[in-house]
2 protein chains.
Amino acid sequence: MSNQLNDAPLTLRDVAAAAGVSLATADRVVNGRPGVSAKTALKVHEAVQRLGFRPLAAAAELARSRSWRFAVVLPSGGNRFMMDIADNIRAQADWFRARRIAVEIVETDVFDADRLAAELAGLPGRFDAVALVALDHPRIRAAIDDLVEGGMAVVTLVSDAPSSRRQHYVGIDNIAAGRTAGSLVGRFLGPPRNGEAGGSVGIVTGSGSLRDHAERLFGFGQVLAEEYPGLTRLTPVEGRDDPGRNRDLVRRMLADTPDLVAIYNTGEGSVGIGEALAEAGLARKILCVGHELTPATRRMLLDGTFAALVAQDPGHEARSMARVLHALVSGQEIVAAQEHIRVQVILRDNLP
Amino acid sequence: MSNQLNDAPLTLRDVAAAAGVSLATADRVVNGRPGVSAKTALKVHEAVQRLGFRPLAAAAELARSRSWRFAVVLPSGGNRFMMDIADNIRAQADWFRARRIAVEIVETDVFDADRLAAELAGLPGRFDAVALVALDHPRIRAAIDDLVEGGMAVVTLVSDAPSSRRQHYVGIDNIAAGRTAGSLVGRFLGPPRNGEAGGSVGIVTGSGSLRDHAERLFGFGQVLAEEYPGLTRLTPVEGRDDPGRNRDLVRRMLADTPDLVAIYNTGEGSVGIGEALAEAGLARKILCVGHELTPATRRMLLDGTFAALVAQDPGHEARSMARVLHALVSGQEIVAAQEHIRVQVILRDNLP
DNA sequence: CTGTTAGCGCTTTCAC
DNA sequence: GTGAAAGCGCTAACAG
């Protein structure tokens, strides 16, 4: 393969000339528009191949002076992570503007399937594409399918609805995220090869009905069951991502579980866990692993209350969502590698 | 802050009209070009503010039909990671073409300061910008400064030369990477709170003269010395990133060190370490942490030979390099958050 | 089915 | 110092 990229600045006009056709015909072939005979299409394709032509995106963008309206549906009263997503979307105002994309962030109670479904039903006509934090619920699945049916581009964000017809999911593999948390807890407590680690592991989760939390729980349980049989998983307690509720739940957990060695939080509100531990004088004595980097979790990582965080990058997700929706509406290809959202492990030492 | 982004599709023409000046004058002000009186400049700035104007990137790109030549200087006979970088750069051919950027990948012996310096000296005139894997050496620093002096945009890639005048560094914080590796080794061997972990830790490194390796070593040593005093660090052995040499070095290390509990490789060629361990029947008995995700390290992560990898994303680095150089030559702003290259921790469970 | 032509929004001469 | 006008490469009417 050559190390020399993009030598000659070819234009569609050059291709048209080489193929012996007009600019318009060359354009039709290159963009797969109808109304060209198979024979001439072949000539153009050959010329494109031979010359190595690639259209100049900026020119196409400019000429195709069409504009788009995107809706982004986020949970109302959102937690810190969702606020980060929203901020990162706003930070892209210039990027959107440069592509004639008008974006509206819509806040809804995504936990209420009826309200979310109603919100989605009101989108067609007003928007060309939508990104939403999905609830994996039959009613939502149907609402998503209706949008796609109606010709809208739909991507799920952070929490997926895989059985729907959404074109893309922008977020992490939450089973992998849960497994990663499980491995961190297991290994940090002591590697299996030196005799089994023992004790109880508490689990705090947001809500059983959010697919991402449920998947994390599943992945976490998988690893602990398979590889750390000496560890006992307590029944998950639901704090709805609320620090206050989490604090109360962990207080009780500490009181009820003398052999508690670790706590895993599948969702937000980790700060409540830190508070309960601090009260009991158990911070850094009990191994904690949680999700997402926020000012609160950053602090607790630095002071040792949390040993590790499993995280996803809200900036990457916001940018990926924008690129994917834009590619979908304008018929461009999406670069899979670039859009893959990684499950990150954050320790005190590699804090960004 | 509003949730409504980019409502009206404003053009420079609108701004010019609102300010009561011509299109050309508005353009001069918006782009900070000279030849405008302070008074009219103010009028234009006000109009821009009031209307909330942002230029359409595609149009600017098209009109400014200027082209660029970028050089990317990579180590010759590169290892797998460098090949990944090169592949990712090639994968961006369309992106470059869309911006009229011709890219040439230049291979040199970056370990030889004289040759690298000579290569760099030959760049001005032929290129507008350069990205290079730097050797932190006085001669290279001077060569970089000469390029910058000559008006070229220069960024370092993967390995930095911070005392030079390069405009940007595309790569990870290698001290943080080393610290992360240190924490993983320390914690995986057994948390300090349950009595100190003990034993010797072997260290394999590529070359003492590459800044990235030296920094990783430093960060690793820092954490082990401060937090895991029970662990004895062996003197680092240099295998020049070569699997064969690494295998021999580790064979000897195993023979000489009865209490060896872990091995850290700051560079490439981890597969040699795996081979030596397998021969001795010690795979998975000795904790291994290395760098970079390659087919070989992926395999060893999956089979348990390596417990974790500290990695950087070559795709992200290739794209970041491209964006940063383009921003530098075309006078655009660079989005710091997007260009920050993260120190990634990869376990078997969060393999991408 | 194919070709001609008028822009898209911005940059850049070249006059005034 | 300021303005008029000719493109940049591609798309989309509109003719033929």
Side-chain angles (χ1 to χ4, degrees), chain A residues 6 8-45 47-48 51-68 94 96-101 329-332, chain B residues 6 8-45 47-48 51-68 94 96-101 329-332:
Chain A
N6 298 323
L10 283 172
T11 73
L12 228 206
R13 190 163 244 116
D14 298 323
V15 173
V21 301
S22 79
L23 186 58
T25 299
D27 171 74
R28 287 193 261 265
V29 175
V30 167
N31 292 287
R33 281 185 264 273
V36 181
S37 75
K39 210 171 59 187
T40 47
L42 190 66
K43 284 194 299 183
V44 175
H45 277 131
V48 168
L51 304 180
F53 169 78
R54 314 259 39 182
L56 213 183
E61 203 117 56
L62 180 58
R64 184 171 26 217
S65 55
R66 154 134 205 216
S67 62
W68 310 102
D94 285 10
F96 286 121
R97 146 78 188 161
R99 285 157 188 76
R100 296 195 186 76
I101 297 169
V329 295
S330 63
Q332 291 176 51
Chain B
N6 299 323
L10 283 172
T11 74
L12 228 207
R13 190 163 243 115
D14 298 323
V15 173
V21 300
S22 78
L23 188 58
T25 298
D27 172 75
R28 292 197 252 279
V29 175
V30 166
N31 292 287
R33 281 185 263 273
V36 181
S37 75
K39 210 170 59 186
T40 49
L42 190 67
K43 283 195 300 185
V44 175
H45 277 131
V48 168
L51 304 180
F53 169 78
R54 314 260 37 181
L56 214 182
E61 203 114 54
L62 179 58
R64 179 170 33 217
S65 53
R66 148 131 210 221
S67 62
W68 310 103
D94 285 9
F96 287 120
R97 145 82 187 160
R99 285 159 188 75
R100 294 195 186 75
I101 298 169
V329 295
S330 64
Q332 291 176 52

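Every chain is numbered from 1, with letters handed out A, B, ... down the list of sequences.
- Put simply, the side chain of Arg99(A) never gets that close to the backbone of Trp68(A): no donor and acceptor are under 3.5 Å apart.
- Asp14(B) and Leu51(B) get closest at one heavy-atom pair: O-CD1, 4.2 Å.
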Contact pattern, 5' to 3', of nucleotides 5-16 of chain D - B, S or - by protein heavy atom under 4.0 Å:
--BBBBBB----
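- Where the helix from dC1(C)-dG16(D) to dC16(C)-dG1(D) starts and where it ends, the local axes point in directions that differ by 40°; five pairs per end, rounded to 10°.
- Looking at Arg100(A), its side chain does come within 3.5 Å of a backbone N or O of Glu61(A) through a donor-acceptor pair.
- Between Thr25(B) and the phosphate of dG3(D), there is a side-chain N or O to OP1/OP2 separation shorter than 4.0 Å.
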Applying side chain to side chain contact (heavy atoms under 4.5 Å, CB included), run through Lys43(B) and Thr40(B) and close with a yes or a no.
CA-CA 5 Å; Lys43(B) 283 195 300 185; Thr40(B) 49; 4.0 Å; yes
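- Minimum heavy-atom separation, Ala58(A) to Leu62(B): CB-N, 4.4 Å.
- Within the 4.0 Å cut-off from OP1 or OP2 of dT2(D), at least one side-chain nitrogen or oxygen of Thr40(B) is found.
- Taking CG of Asn31(B) as the start and CZ of Arg64(B) as the end, the distance is 7.0 Å to the nearest 0.5 Å.
- Residues Ala19(B) and Val44(B) share a closest heavy-atom pair of CB-CA, 3.9 Å.
- Residues Arg97(A) and Leu10(B) come closest through the heavy atom pair NH2-O, 2.5 Å.
- Taking a heavy-atom distance under 4.0 Å as the criterion, the stretch of DNA chain C touched by chain A extends 5' to 3' from dC1(C) to dC10(C).
- Other residues, nucleotides and ligands place more than 12 heavy atoms under 6.0 Å from the CZ atom of Arg33(B).
- The minimum heavy-atom distance between Phe53(B) and Leu12(B), with the atom names listed, is CE1-N, 3.4 Å.
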